[in-house]
Protein chains: 2
Amino acid sequence: MVLTLPASRTGNGFLGTIGIRDVAKAAGVSPATVSRTLAGRAVDPAMRAAVEAAVRETGYRPNLAARRLRSRDTGTIGLIVADIRNPFFTAIARAVEEAAYARGLRVILCNTDEDPARETLYLRLMEEERVTGVILAPTRETPAVRAADLAVPVVLIDRSPPGGDHDAVLLDNRAASTMLVDHLHAQGYTRIAGLFGATSMTGHERRAGYLAATARLGLAADARAVPHGPGETEAVVAALLARADPPDALIASNGVMLLSVIRALNAAGAGQAGPAIAGFDNEPWTEVVCGGVTLIEQPVEQIGGEAMAMLLDRLHQPDASRRTVMLGGRLIVRGSTARRE
Amino acid sequence: MVLTLPASRTGNGFLGTIGIRDVAKAAGVSPATVSRTLAGRAVDPAMRAAVEAAVRETGYRPNLAARRLRSRDTGTIGLIVADIRNPFFTAIARAVEEAAYARGLRVILCNTDEDPARETLYLRLMEEERVTGVILAPTRETPAVRAADLAVPVVLIDRSPPGGDHDAVLLDNRAASTMLVDHLHAQGYTRIAGLFGATSMTGHERRAGYLAATARLGLAADARAVPHGPGETEAVVAALLARADPPDALIASNGVMLLSVIRALNAAGAGQAGPAIAGFDNEPWTEVVCGGVTLIEQPVEQIGGEAMAMLLDRLHQPDASRRTVMLGGRLIVRGSTARRE
DNA sequence: TTGAAAGCGCTAACAA
DNA sequence: TTGTTAGCGCTTTCAA
């Protein structure tokens with residue numbers, strides 16, 4: 001096939017951009033047929049072959065903006081996470097992208113860095129992008145925009161404001177805390193203290209599970225609310241160690257806090273004799289410190305997959321009642337909570 | 001202002017979508033004036049106020065696809081990383097997004113998971129998105145597409161294929177390795193072994209720096225090429241420890257490998273008496289293991305910022321000769337390489 | 001099944 | 001400065 005590109009063209013952009021009209025001309029068919037071929041719809045085999053050859057020879061790249069504008073379908077979902085440097089959210093991002101990819105959807109990833117203003121900004125942006133739906137891990141603070149007020153369907157993950165009416169996929173935080181307390185108790189620990197995020201719903205629920213479990217077991221509870229910020233966790237740990245009757249076990253309610261707890265214990269010189277440690281989020285490094293840290297692993301793949309499924313359900317049934325899916329965590333027992341003599 | 005939305009409209013999408021024409025009508029101006037107002041161009045203050053009020057009352061959201069199609073400017077750059085779960089790339093992503101944000105640009109983040117096929121796919125997608133430019137951390141294997149063949153400007157980061165003609169921002173890998181070897185030698189270590197990625201350019205260069213430094217110091221070199229894959233690093237560490245004259249110091253050539261080395265040493269029961277450890281990438285956990293791991297911190301912010309700046313330079317001067325910027329790493333000394341008695 | 005024609009929502013060119 | 005008009009590149013009618 002001989003390809004002759006016009007030296008100058010009207011009606012299809014400036015020189016150098018190849019459009020669907022050029023492909024059509026090269027293949028000797030109409031633009032509509034090229035479009036149908038690319039969309040995988042029924043086209044005469046001979047024509048299809050000609051179009052495919054022309055696409056190859058021209059190096060044609062469809063303009064997605066034009067396609068989206070006309071077809072009114074972006075084939076894109078938005079994923080807004082609170083902290084991209086937190087490995088939990090990175091893992092979520094990968095899981096969501098995988099699930100989207102399997103359905104032929106693309107993902108726009110946004111990072112709010114726990115800033116409600118950026119959350120509002122990105123939700124707005126998602127509307128302007130006309131995304132099919134949004135999966136949102138809200139910031140710790142109550143978001144400025146109610147998800148239900150948006151023009152696009154939203155599924156919340158990880159955190160869910162109380163009393164809200166939305167689709168959400170959450171860890172069963174109470175049950176997870178309970179597992180940790182029960183495990184520590186079974187290992188012979190009795191003075192179990194807990195550090196929980198002061199501002200997030202997740203922190204509240206993990207704390208509630210801790211309080212319920214310690215009460216049921218007749219243990220003294222010491223639940224500390226830790227504000228977000230550098231050095232806060234370390235200060236709380238120092239205060240706990242300074243107690244007249246210091247704890248023999250510590251629970252940290254997320255991966256970031258867990259690392260801070262360990263840093264604080266190191267700084268305090270608490271070695272083998274220091275308290276047992278348990279936490280959340282199975283990050284790779286947790287295997288190599290303190291003889292391995294006992295923790296709750298979140299089912300990240302499932303959370304991503306389930307959130308995607310819920311989003312698609314919502315698209316098909318906009319008026320179905322909203323629902324919350326709770327997934328269970330997995331207790332991974334390692335050396336940090338070994339029985340002591 | 002009284003807002004009357006037409007019960008049905010022609011020429012501006014289906015019922016329920018608010019377009020620029022609706023806003024214009026509500027404000028009593030032309031669509032062009034609305035457009036100019038939103039773009040921040042010169043508009044009569046009274047009209048501007050009317051438009052802003054109309055935007056607020058209608059809940060208008062500009063359609064970005066339409067805007068991009070018409071203006072031929074997506075205001076978007078693509079960032080393609082090799083492994084989103086690697087904290088180095090997460091940090092890069094955040095730095096790039098920050099730099100883009102400061103310039104009013106958006107970022108599309110793509111993750112190839114070290115798969116050259118996905119890299120090709122995403123580069124193609126970036127062309128179809130008509131992004132302004134791409135920042136690419138190539139996969140370990142030689143990529144299927146030469147960056148120079150693409151329709152969009154590309155800046156490489158972290159890794160750069162040999163002999164290629166492209167813009168790139170790289171760590172001075174040879175110098176970084178040299179710093180580690182010199183430091184270990186100064187601390188009294190003499191049998192320094194190194195583990196280097198077998199397939200990436202980065203691994204090769206860090207290895208070259210290691211070999212040059214050990215040769216200069218008159219030390220015996222033992223550089224192992226470690227294939228990518230689970231358990232590979234652990235196997236190499238085991239082999240090193242089984243040497244007749246086992247190394248007294250180990251260098252791991254990236255953050256992921258560093259963690260594997262530590263895991264392997266733990267498994268081998270090498271405690272205080274085990275080899276000194278040094279590595280790359282200042283991840284948060286490195287502070288709390290082995291008394292703190294001595295390592296080279298990469299200037300992540302700078303890499304992101306410099307890559308963005310190069311991209312914009314390239315846009316303004318498409319024909320300027322391509323250049324490579326090398327940034328220096330910072331040696332952070334911690335307990336893992338303390339002098340031993 | 002194919003082609004001609006219309007138009008997605010917006011901005012840029014032009015004229016006033 | 002403002003409004004009118006045209007058209008970005010594509011898909012989707014509609015008629016053949």
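Chain A is the first sequence line, chain B the second, and so forth, proteins listed ahead of strands; every chain is numbered from 1. Atoms considered below: every heavy atom in the structure, side chains included; atoms not considered: hydrogens, waters and symmetry mates.
Regarding A:N63, its CG atom lies at a distance of 17 Å from the P atom of C:dG9, rounded to whole Å. At whole-Å resolution of the value, CZ in A:R72 and C1' in D:dC10 are 14 Å apart. One interatomic measurement links the two molecules: CG of B:L69 to P of D:dT11, which rounds to 12 Å at whole-angstrom precision. Taking atom CD on B:E128 and atom P on D:dG9, their separation rounds to 15 Å, with Å as the unit. Between A:I18 atom CD1 and D:dC8 atom C1' the separation is 17 Å, expressed in whole Å. The interatomic distance linking B:L64 (CG) with D:dG9 (P) rounds to 18 Å, in whole Å. Regarding B:E129, its CD atom lies at a distance of 16 Å from the P atom of D:dG9, rounded to whole Å.
Annotation: side chain of B:R322 is in contact with side chain of B:R314 (closest heavy-atom distance under 4.5 Å).
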Inset, instruction - Sugar-phosphate atoms are those with a prime plus P, OP1 and OP2; base atoms are the rest. Using that split, label each nucleotide of nucleotides 11-16 of chain C B, S or - for protein heavy atoms under 4.0 Å, 5' to 3'. - result: BBB---
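Side chain of B:S35 to main chain of B:P31: no donor-acceptor pair is present (N/O by atom type, distance under 3.5 Å, no hydrogens or angles). Looking at B:D113, its side chain never comes within 3.5 Å of a backbone N or O of B:D83 through a donor-acceptor pair. In this structure, the side chain of A:T202 engages the main chain of A:D158 through a donor-acceptor pair within 3.5 Å.
Cation-pi check for B:R118 over A:Y101 is met; the charged atom lies under 6.0 angstrom from the ring centroid and within 45 degrees of its normal.
Ion pairing between a basic and an acidic side chain is recognised when a charged N comes within 4.0 Å of a carboxylate O; A:E128 and B:R106 show no such pairing.
Not counting sequence neighbours, A:D115 has no partner by the salt bridge (Lys or Arg N to Asp or Glu O under 4.0 Å) test.
In this structure, the helix from C:dT1-D:dA16 to C:dA16-D:dT1 shows an angle of 30° between the axis at its start and the axis at its end, each fitted on 5 base pairs and rounded to 10°.
Judged purely by distance below 3.5 Å, without hydrogens or angles, the side chains of A:T139 and A:E119 pair a donor atom with an acceptor atom.
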